[in-house]
J.: 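Sharing a structure here in structure tokens format.
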Amino acid sequence: MAASRWLTLVAVLLSPAGTRADVDIRIGVGVVEADPRRAQQLAAAVDAALGAAAGGSAVAPVEPDEPLALPAHVCEQGAREAAALVCGGGRRAARLAGEGAARAGVPLLLLGPAPLPPTWDALALHPHPDIFIQVCRDLCVEKSWERAVLLYEGSAHYAAQLAPDADQLTLVPRQLPPPGDDALLRNLLLLLKKSGSTNFIVWCETAERALLVLDAAQRVGLLSERHSYIVLTLDLHTQPLANYSHGGANITTLQLFDPESPEVVRIMEAWRDAYVSRLGGEVPQDELEEVMSAPPTALLLAYDGARLVASALERLQLHSIGGGGCEHGLGAFHADTLLNYIRSNQPYVMRQESPQRLSGNDRYEGFCVELISKLAELLNFTYTLVEQPDGKYGSPTNVSGEWDGMLGQLMRDPKIDFAITDLTITAEREKAVDFSTPFMNLGISILFRKPKTPEPELFAFLLPFSREVWICLGFAYLGTSLLLYVVGRLCPEEWQNPYPCLEEPLALENQFTLENALWFNLGAVLLQGSEIAPVAYGTRAVASAWWLFALVITSSYTANLATLLAHKSNNELIHNVQDLADNDLGITYGAKINGSTYMFFQHSQNELYQRMFQHMSEHDMPGDNGAGIQKVMNEDFAFLMESTSIEYTIQRNCDVTMVGSLLDSKGYGIAMKKNSPYRHQLNLALLNLQEAGVLREMKHKWWNEKHGGGACNVGDDPSSEELKMTNFLGLFVILVVGSALGIIVSCCDLIWAAWRHPRDPNEPFSRRFWAEIRFVFRFEQSEKPLKGTLCTSSSESSPRSESVTQESEELSPEEERQRLERLASLQSAESAAAGGGGGGAPVMSGGPRARRRSSMHTASMRLARHAARNSATPAPAPAPAPAHRERERQ
């Protein structure tokens, strides 16, 4: 595979005092660097530049990630009479050290990129970004690039200057993901690979970051022969690049010096001796070889910076210079403390309730307060919260066009850095201030009172099936019962002997009468069964089909009944914004006056929203969200507000709810001044919090848990609610009506029996009926005589009933069986004579007595009970019957 072609542009930086190896005056140059090893290397470069007669360089023990450390140690070195300070690190360290140097009155030499915007109190030895831009433009012209992708980190302040003429070079800027997110970086490069990009400009602040970009590009296949790179980093040569030299990609980087030049070799040898001397000879050999073979740019800049200081003092004939001090310095600094304007609004910013006396930032709590605290932890800054006095978000005035409220204060006060609350990002606000990436997405929705749950219907148990299904089920029941009745009469097996004791009965009976068929099918539907059992194959086929039909219908009914009884139906008046705008129920609506929701309807081009805004402009609108919520609860009023505020409200106020879907999509962001240097870092930090799920967890905590959240979630599960009496009122009505109907039918049957079959024809009907009624309520009697008068007391009995009872007691079991046979023959003969049938033809027995015998099973049970009774109390051997009794039996 062809080797990569590395092009290095070298600009040799010569020291103004390069002709002299030593300086005779004694001066001190301090070093400020957060990395201890790098700080010792820079101090050795200063020692090598000043020589043996120098006062030496002091290394400040800077604590990493501590905002107050850099300015404090700058002041400390200024008090030690340091003539100048050499500062390594990035732009943030340079800005903090510059503030300390300005207060102490000590010159500061920056070895890294200068802060944006540059400050007057520091001298940047590192090339200005304009130099990089000019070099990159010249390289693009020499390479004949017409299109390139700019991969940059930090601010894209200088990106537009790379391609001022789009006809010569089309530049596609792409911001690099946060450090450490390798997966997101590879995804970005994969998208660029799919788009066919081949030319890349990589602009990173450090060489380590640029190396990560090259590593990710190699992994996705963007280091082949057709790819070209321009890396705008000075120290890429200090990184291990051997692994990226096999793909054939053309990679061009920049250097300020030629490491093989005699001057650079001499300087590095002096540095080696000074470094070994500072560390007492305990220096790893591999570390020396690494630095000597690829000298970092900061070492040579520190060497030249120290020589510049020495040359300046020599020309000014200042053999010593007095140190500075922060106690009586030139200026002041706030050590990266940001003032944040806040606006009290639940749950974003709230006054914290505590029995203790709170002060400062501890006085506040809420989603936004926790958010700014987490951002401070990620970005290592301190902050002070200042509450907005009038509580207004801010909007331009009609007269002067100046902004009032929180945004106006942010724009006018130079001490205010951020404004954080539920501040919606809008186009109008974006023109006045800058916003961060949205930390919460939302939309406009409708807040309306919660509809009351209607009382359950009286016959709620009929809800599982529609009216049409119930009608079809009724016809199916009647039709199948009629079919079973006809099939039962068609099948000979269903005509059976009603008296199993008689081998040759005179008549057969069919158990599937119309009444029995109806009862049989009803028992199958209600899963109760009956004493009737089909015998013939035809009736079994019909019964099996009906059983399967009843099984499916009953299962479906049971499943739907449980859901419908627990389901709460509602009577919502409006379902969406269209219903709200067109309602004729007297429901009015509105939004907070001059709020973002109000402005949305005002500037919308949608005809429906324009009509709604016309309605709003004709009515008084609430001044804040609290007034709108009260109006919803007390009037027929629908309040249009952000969905997040509605979600917070309905978690605590169970009388209101959110109606419909979102009308738009927008977000809350952190406002800051135009061209704020903090915007990019805040965006990266917010993206990290969002990807880690921190913002989602914070919202759940402040919406659903804190300050009464979740109060309206109790009992939302219908399965956990108990059913009330109103759910079963219809069933009780059916039970009462069915029981009353049974009583009425029984009374009618009793009246009919007393009328058509009197026990004593000579007695009037009323007396016979009341005798039957009195017998019914004599609960101690469980047997009813077939003939004769009903006894009114236990001692009363007719002579006939006594004789019949005595006669039945004197009969043996064999005589009782013969008597029953004769009785059955007599009844069959009477039935045949009444029906006009032949003597031996099987006919159905008619009349009330036949109807009372429901089946063969009933007759068998009667015989079984009689036999059991006789076997339990065997009678003594009968005495010889009189002659006339014997003749009567024969």
Side-chain angles (χ1 to χ4, degrees), residues 343 345-350 366-368 371 393 420-427 429 435-451 572-581 587 589-604 606 608-609 612-613 616 621-622 624-633 637-670 686 690 693 695-713 716:
R343 175 186 178 274
N345 186 16
Q346 295 181 350
Y348 304 97
V349 179
M350 299 174 289
F367 179 88
C368 290
L371 176 62
Y393 294 100
I420 180 168
T421 183
D422 53 334
L423 195 60
T424 307
I425 303 175
T426 62
R429 292 172 177 172
F435 279 96
S436 66
T437 299
F439 59 81
M440 185 178 296
N441 295 316
L442 63 149
I444 298 175
S445 189
I446 304 171
L447 180 70
F448 195 59
R449 67 173 182 272
K450 185 176 293 185
E572 294 182 354
L573 301 179
I574 55 176
H575 300 83
N576 49 51
V577 67
Q578 185 73 43
D579 295 345
L580 179 62
I587 301 175
Y589 50 87
K592 187 181 68 173
I593 188 67
N594 293 331
S596 59
T597 304
Y598 187 85
M599 303 303 292
F600 166 79
F601 285 93
Q602 183 178 4
H603 298 126
S604 176
N606 186 282
L608 175 62
Y609 297 160
M612 294 181 68
F613 177 74
M616 295 181 193
M621 294 293 102
D624 52 32
N625 291 343
I629 296 173
Q630 290 297 325
K631 198 168 183 180
V632 169
M633 298 178 60
F637 183 78
F639 190 50
L640 295 156
M641 60 189 301
E642 286 82 359
S643 58
T644 52
S645 300
I646 296 179
E647 293 170 0
Y648 181 82
T649 301
I650 63 179
Q651 286 290 328
R652 291 153 180 81
N653 191 339
C654 303
D655 296 330
V656 294
T657 184
M658 184 166 63
V659 178
S661 57
L662 302 183
L663 307 186
D664 67 339
S665 179
K666 51 191 176 183
Y668 289 154
I670 302 175
L686 287 173
Q690 184 176 7
L695 296 181
R696 181 177 64 254
E697 295 175 359
M698 288 171 51
K699 182 179 179 183
H700 184 271
K701 178 177 70 174
W702 290 104
W703 263 251
N704 299 351
E705 297 177 2
K706 291 281 190 176
H707 297 280
C712 300
N713 294 335
D716 284 349

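The figures here come from the full heavy-atom set of this structure, side chains too, leaving out hydrogens, waters and symmetry mates.
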J.: Any side-chain heavy atom of Val577 within less than 4.5 Å of one from Tyr589?
T.: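 No, their side chains stay 4.5 Å or more apart.
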J.: Under a 4.5 Å cut-off applied to non-hydrogen side-chain atoms, are Leu695 and Leu371 in contact?
T.: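 They are in contact (side-chain heavy atoms under 4.5 Å apart), so the answer is yes.
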J.: Asp624 and Lys592: which non-hydrogen atoms are nearest, and at how many Å?
T.: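 What the structure gives for the nearest pair is CA-CD, 3.5 Å.
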J.: Do other residues, nucleotides or ligands put more than 12 heavy atoms under 6.0 Å from Lys706 NZ?
T.: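 Incorrect, the count does not exceed 12.
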J.: Shortest non-hydrogen contact from Met350 to Gly366?
T.: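 Scanning both residues completely, I find the closest heavy atoms to be CE-CA, 4.0 Å.
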J.: Ignoring hydrogens, what is the shortest heavy-atom contact between Cys368 and Thr421? Give both atom names and the distance.
T.: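 The answer is SG-CA, 3.7 Å.
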J.: What distance do His603 atom NE2 and Thr426 atom OG1 have between them, rounded to the nearest 0.5 Å?
T.: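 If I round to the nearest 0.5 Å, the distance is 9.5 Å.
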J.: Looking only at non-hydrogen atoms, find the nearest pair between Gly667 and Pro438 and report the distance.
T.: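 The answer is CA-CB, 4.1 Å.
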J.: Check for a donor-acceptor pair, side chain of Arg449 on one end and backbone N or O of Phe637 on the other, with a separation under 3.5 Å.
T.: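 Checking the backbone N and O of Phe637 against the side chain of Arg449, no donor-acceptor pair under 3.5 Å is found.
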J.: Under the side-chain hydrogen bond (donor to acceptor under 3.5 Å, both in side chains) rule, collect the residues that match up with Gln690, sequence neighbours excluded.
T.: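 Testing Gln690 for side-chain hydrogen bond (donor to acceptor under 3.5 Å, both in side chains), a comparison that skips the adjacent residues, returns none.
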J.: Going by ring pair (Phe, Tyr, Trp, His ring centres under 6.0 Å), name the residues that satisfy it together with Phe601, two or more places apart in sequence or in a different chain.
T.: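 Per chain and number, Phe601 pairs via ring pair (Phe, Tyr, Trp, His ring centres under 6.0 Å) with Tyr609.
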J.: Can you tell me how far CD1 of Ile446 sits from OG of Ser643, rounded to the nearest 0.5 angstrom?
T.: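 Spacing of OG (Ser643) from CD1 (Ile446) equals 12.0 Å.
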J.: Could you walk me through whether Ile650 and Leu447 pass side-chain contact (heavy atoms from CB on, under 4.5 Å), step by step?
T.: CA-CA 9 Å; Ile650 63 179; Leu447 180 70; 4.2 Å; yes
J.: At what distance, to the nearest 0.5 angstrom, does CG of Leu640 lie from OG1 of Thr597?
T.: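 Going from CG on Leu640 over to OG1 on Thr597, the span is 7.5 Å.
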J.: To the nearest 0.5 Å, what is the distance between CG on Asp664 and CG on Asn606?
T.: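 These two atoms lie 11.5 Å from each other.
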J.: If you round to the nearest 0.5 Å, how far is CD1 of Ile425 from OG1 of Thr437?
T.: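 So the OG1 of Thr437 and the CD1 of Ile425 are separated by 8.0 Å.
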J.: Applying side-chain hydrogen bond (donor to acceptor under 3.5 Å, both in side chains), can you list everything that pairs with Gln630, at least two apart in sequence or on another chain?
T.: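 Applying side-chain hydrogen bond (donor to acceptor under 3.5 Å, both in side chains) to Gln630 gives none.
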J.: Any side-chain heavy-atom pair from Met440 and Thr644 closer than 4.5 angstrom?
T.: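 Contact flag for Met440/Thr644 side chains = yes.
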J.: Answer yes or no: is there a side-chain heavy-atom contact under 4.5 Å between Leu442 and Lys666?
T.: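 Leu442 reaches Lys666 side chain to side chain.
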J.: Do you know the tightest heavy-atom contact between Trp702 and Arg652?
T.: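 That closest heavy-atom pairing would be O-NH2, 3.2 Å.
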J.: Could you check Tyr393, Tyr648, Tyr668 and say which one makes a ring-ring contact (aromatic ring centres under 6.0 Å, His included) with Tyr348?
T.: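 Exactly one candidate clears the test, Tyr668.
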J.: Answer yes or no: is there a donor N or O on one side and an acceptor on the other, between the side chain of Thr657 and the main chain of Lys450, under 3.5 Å?
T.: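 No; zero donor-acceptor contacts below 3.5 Å.
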J.: Tell me every residue that passes side chain to side chain contact (heavy atoms under 4.5 Å, CB included) with Thr649, counting only those two or more places apart in sequence or in another chain.
T.: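 Residues passing side chain to side chain contact (heavy atoms under 4.5 Å, CB included) with Thr649: Ile629, Asn653, Val656.
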J.: Has the side chain of Ser436 got a donor or acceptor atom that lies under 3.5 Å from a matching backbone atom of Ile670?
T.: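 Between the backbone of Ile670 and the side chain of Ser436 there is a qualifying donor-acceptor contact (under 3.5 Å).
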J.: Closest heavy-atom contact between Ser445 and Met658?
T.: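 Closest heavy-atom pair between Ser445 and Met658: OG-CG, 3.1 Å.
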J.: I'd like to check the ring pair (Phe, Tyr, Trp, His ring centres under 6.0 Å) partners of Phe435; sequence neighbours left out, ordered by chain and number.
T.: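 Partners of Phe435 by the ring pair (Phe, Tyr, Trp, His ring centres under 6.0 Å) criterion come out as none, since no residue qualifies.
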J.: Of all residues at least two apart in sequence or in a different chain, which pass the ring pair (Phe, Tyr, Trp, His ring centres under 6.0 Å) check with Phe639?
T.: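 Residues passing ring pair (Phe, Tyr, Trp, His ring centres under 6.0 Å) with Phe639: none at all.
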